[in-house]
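For reference, the structure discussed in these notes is given below.
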Amino acid sequence: SCQPCHTTADAAARANTTRAEIENSLFGLRARMERWAAANVGDQGNWDYTGYVTTAGGTPPAQNLIPIEIKRARHNYYFILNDSSFGIHNLQYTRYLLEYANQGLDTLGVGRAATVTPDSKTIKAILKADKARIKKADLNE
(Lines give C-alpha, C1' and ligand atoms only; values in the text may rest on other atoms or scores of the structure.)
Protein backbone atom coordinates (compact mmCIF):
# COMPACT_ATOMS: atom_id res chain seq x y z
CA SER A 1 0.00 0.00 0.00
CA CYS A 2 3.01 2.29 0.29
CA GLN A 3 3.67 2.07 -3.43
CA PRO A 4 3.75 3.87 -5.85
CA CYS A 5 5.03 6.71 -3.66
CA HIS A 6 7.77 4.68 -1.91
CA THR A 7 10.03 1.85 -2.93
CA THR A 8 9.89 -1.29 -0.82
CA ALA A 9 13.20 -0.40 0.81
CA ASP A 10 12.11 3.17 1.53
CA ALA A 11 8.79 2.02 2.98
CA ALA A 12 10.55 -0.48 5.24
CA ALA A 13 13.03 2.13 6.46
CA ARG A 14 10.24 4.61 7.20
CA ALA A 15 8.24 1.93 9.00
CA ASN A 16 11.23 0.97 11.17
CA THR A 17 11.92 4.60 12.06
CA THR A 18 8.27 5.24 12.90
CA ARG A 19 7.98 2.07 14.94
CA ALA A 20 11.08 2.94 16.98
CA GLU A 21 9.74 6.46 17.64
CA ILE A 22 6.38 5.18 18.84
CA GLU A 23 7.86 2.35 20.91
CA ASN A 24 10.12 4.85 22.68
CA SER A 25 7.18 7.20 23.25
CA LEU A 26 5.02 4.37 24.61
CA PHE A 27 7.81 3.33 26.95
CA GLY A 28 8.22 6.92 28.12
CA LEU A 29 4.48 7.21 28.80
CA ARG A 30 4.49 3.90 30.66
CA ALA A 31 7.49 4.99 32.74
CA ARG A 32 5.71 8.22 33.69
CA MET A 33 2.61 6.29 34.80
CA GLU A 34 4.85 3.97 36.84
CA ARG A 35 6.52 6.95 38.54
CA TRP A 36 3.12 8.43 39.39
CA ALA A 37 1.89 5.10 40.81
CA ALA A 38 5.02 4.53 42.89
CA ALA A 39 4.69 8.00 44.43
CA ASN A 40 0.91 8.03 44.92
CA VAL A 41 -0.50 4.51 45.34
CA GLY A 42 2.50 2.62 46.67
CA ASP A 43 3.40 0.34 43.76
CA GLN A 44 4.70 1.27 40.33
CA GLY A 45 2.40 -1.26 38.66
CA ASN A 46 -0.77 0.23 40.13
CA TRP A 47 -1.31 2.67 37.25
CA ASP A 48 -2.71 -0.25 35.30
CA TYR A 49 -6.23 -1.60 34.94
CA THR A 50 -7.48 -3.62 37.92
CA GLY A 51 -7.66 -6.87 35.93
CA TYR A 52 -4.11 -6.44 34.63
CA VAL A 53 -2.71 -5.72 38.10
CA THR A 54 -4.51 -8.79 39.49
CA THR A 55 -3.32 -11.00 36.62
CA ALA A 56 0.24 -9.87 37.34
CA GLY A 57 -0.22 -11.01 40.96
CA GLY A 58 -0.66 -7.57 42.47
CA THR A 59 -3.34 -5.93 44.56
CA PRO A 60 -4.84 -3.01 42.68
CA PRO A 61 -5.81 0.21 44.41
CA ALA A 62 -9.40 1.41 44.41
CA GLN A 63 -10.03 3.04 41.04
CA ASN A 64 -11.26 6.24 42.71
CA LEU A 65 -7.62 6.79 43.75
CA ILE A 66 -6.54 6.87 40.10
CA PRO A 67 -6.94 10.35 38.57
CA ILE A 68 -8.65 10.74 35.22
CA GLU A 69 -5.34 11.81 33.66
CA ILE A 70 -3.82 8.38 34.45
CA LYS A 71 -6.96 6.61 33.23
CA ARG A 72 -6.82 8.52 29.94
CA ALA A 73 -3.10 7.93 29.54
CA ARG A 74 -3.39 4.19 30.13
CA HIS A 75 -6.31 4.01 27.70
CA ASN A 76 -4.22 5.69 25.01
CA TYR A 77 -1.24 3.50 25.88
CA TYR A 78 -3.21 0.30 25.35
CA PHE A 79 -5.10 1.67 22.36
CA ILE A 80 -1.81 2.28 20.54
CA LEU A 81 -0.23 -0.94 21.81
CA ASN A 82 -3.19 -3.05 20.70
CA ASP A 83 -3.23 -1.50 17.24
CA SER A 84 0.16 -3.15 16.69
CA SER A 85 1.03 -0.81 13.80
CA PHE A 86 2.98 1.55 16.07
CA GLY A 87 1.82 4.55 14.13
CA ILE A 88 2.15 3.19 10.61
CA HIS A 89 -1.58 3.30 9.96
CA ASN A 90 -2.12 6.83 11.24
CA LEU A 91 1.02 8.47 12.59
CA GLN A 92 -0.53 11.89 13.22
CA TYR A 93 -3.31 10.40 15.35
CA THR A 94 -0.89 8.15 17.23
CA ARG A 95 1.34 11.12 18.03
CA TYR A 96 -1.72 13.14 19.09
CA LEU A 97 -2.85 10.40 21.50
CA LEU A 98 0.62 10.19 23.03
CA GLU A 99 0.92 13.96 23.40
CA TYR A 100 -2.59 14.22 24.91
CA ALA A 101 -1.69 11.52 27.44
CA ASN A 102 1.59 13.24 28.28
CA GLN A 103 -0.09 16.62 28.71
CA GLY A 104 -2.47 15.03 31.21
CA LEU A 105 0.47 13.66 33.17
CA ASP A 106 2.08 17.10 33.03
CA THR A 107 -0.92 18.45 34.98
CA LEU A 108 -0.24 15.85 37.68
CA GLY A 109 3.35 17.03 37.97
CA VAL A 110 4.90 13.82 36.63
CA GLY A 111 8.17 14.78 34.96
CA ARG A 112 8.81 13.85 31.35
CA ALA A 113 12.50 13.07 31.78
CA ALA A 114 13.18 9.36 32.02
CA THR A 115 15.37 8.22 34.88
CA VAL A 116 16.83 5.39 32.78
CA THR A 117 16.11 4.64 29.14
CA PRO A 118 16.75 1.01 28.29
CA ASP A 119 17.91 -0.19 24.90
CA SER A 120 15.41 -0.87 22.12
CA LYS A 121 15.46 -4.63 22.73
CA THR A 122 14.40 -4.13 26.35
CA ILE A 123 11.69 -1.64 25.37
CA LYS A 124 10.31 -4.12 22.83
CA ALA A 125 10.31 -6.85 25.49
CA ILE A 126 8.41 -4.66 27.98
CA LEU A 127 5.77 -3.71 25.40
CA LYS A 128 5.46 -7.35 24.31
CA ALA A 129 5.00 -8.42 27.94
CA ASP A 130 2.22 -5.83 28.35
CA LYS A 131 0.44 -7.24 25.29
CA ALA A 132 0.79 -10.77 26.67
CA ARG A 133 -0.61 -9.65 30.05
CA ILE A 134 -3.63 -8.17 28.26
CA LYS A 135 -4.37 -11.48 26.56
CA LYS A 136 -3.93 -13.41 29.82
CA ALA A 137 -6.20 -11.02 31.71
CA ASP A 138 -8.84 -11.19 28.98
CA LEU A 139 -8.82 -15.00 29.19
CA ASN A 140 -9.42 -14.81 32.93
CA GLU A 141 -12.40 -12.46 32.66
Side-chain angles (χ1 to χ4, degrees), residues 1-3 5-141:
S1 67
C2 299
Q3 293 177 346
C5 299
H6 303 281
T7 65
T8 302
D10 182 46
R14 289 172 186 264
N16 288 336
T17 301
T18 298
R19 182 181 179 103
E21 172 197 338
I22 299 305
E23 284 175 343
N24 288 334
S25 296
L26 281 172
F27 177 79
L29 178 62
R30 185 185 195 283
R32 291 183 78 194
M33 291 186 290
E34 284 181 335
R35 286 196 305 274
W36 175 87
N40 293 282
V41 288
D43 185 293
Q44 72 177 19
N46 282 345
W47 61 270
D48 219 338
Y49 290 108
T50 299
Y52 300 167
V53 173
T54 303
T55 298
T59 303
Q63 286 299 296
N64 65 343
L65 298 176
I66 309 294
I68 191 66
E69 294 84 1
I70 294 292
K71 291 176 180 177
R72 289 176 179 152
R74 75 181 176 200
H75 172 82
N76 289 356
Y77 174 80
Y78 283 115
F79 184 83
I80 295 165
L81 192 63
N82 282 323
D83 172 55
S84 298
S85 80
F86 295 93
I88 300 300
H89 294 146
N90 193 338
L91 184 57
Q92 286 181 310
Y93 186 56
T94 302
R95 286 177 175 154
Y96 169 80
L97 291 175
L98 288 164
E99 184 55 29
Y100 184 83
N102 278 302
Q103 287 174 357
L105 297 182
D106 290 345
T107 67
L108 296 177
V110 182
R112 287 195 185 215
T115 52
V116 175
T117 303
D119 61 36
S120 63
K121 186 176 179 180
T122 303
I123 290 173
K124 287 177 190 296
I126 290 167
L127 298 177
K128 185 177 180 179
D130 281 352
K131 283 194 80 166
R133 191 173 66 247
I134 294 166
K135 289 180 183 177
K136 185 177 179 184
D138 287 346
L139 291 174
N140 293 333
E141 298 262 335

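Atom set for the values below is all heavy atoms of this structure, side chains included, hydrogens, waters and symmetry mates excluded.
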Measuring only between side-chain heavy atoms, which start at C-beta, is [X] closer than 4.5 Å to [Y]?
X: T55; Y: I134; value: no
X: L26; Y: L98; value: yes
X: S84; Y: K131; value: yes

Any idea which heavy atoms bring A73 and L29 closest together, and the distance?
O-CD2, 3.8 Å
Looking only at non-hydrogen atoms, find the nearest pair between T18 and G87 and report the distance.
CG2-C, 4.1 Å
Would you say R32's side chain and V110's backbone share a donor-acceptor pair under 3.5 angstrom?
yes
Rounded distance [0.5 Å steps], [atom1] in [X] versus [atom2] in [Y]:
X: Q103; Y: Y96; atom1: CD; atom2: OH; answer: 8.0 Å
X: H89; Y: I80; atom1: NE2; atom2: CD1; answer: 13.5 Å
X: L127; Y: T122; atom1: CG; atom2: OG1; answer: 11.0 Å
X: I126; Y: K121; atom1: CD1; atom2: NZ; answer: 13.0 Å
X: H75; Y: L97; atom1: NE2; atom2: CG; answer: 7.5 Å
X: L91; Y: F86; atom1: CG; atom2: CZ; answer: 13.0 Å

Who pairs with N64 by side chain to side chain contact (heavy atoms under 4.5 Å, CB included), at least two apart in sequence or on another chain?
A62
Going by the rule side chain to side chain contact (heavy atoms under 4.5 Å, CB included), which residues pair with P61 if we only count those two or more places apart in sequence or in a different chain?
V41, N46, L65, I66
Verify whether one side chain among N102 and R112 offers a donor that lies under 3.5 Å from an acceptor in the other.
no
Check whether more than 12 heavy atoms from other residues, nucleotides or ligands sit under 6.0 Å from atom NZ of K128, and answer yes or no.
no
Would you call D48 and R30 a salt bridge, using N to O less than 4.0 angstrom?
no
Taking 4.0 angstrom as the limit, do E23 and R19 come out as a salt bridge?
yes
Within 45 degrees of the ring normal and closer than 6.0 Å to the centroid, is that where the cationic atom of R74 sits relative to Y49?
yes
Yes or no on side chain to side chain contact (heavy atoms under 4.5 Å, CB included) for W36 and L105, after CA distance, side-chain angles and deciding distance?
CA-CA 9 Å; W36 175 87; L105 297 182; 5.6 Å; no
Under 30°, 30 to 60°, or over 60°: which ring-plane class applies to W47 and Y78, parallel, tilted or perpendicular?
parallel
T50 and Q63: side chain to side chain donor-acceptor pair (under 3.5 Å), yes or no, with the steps?
CA-CA 8 Å; T50 299; Q63 286 299 296; 3.2 Å; yes
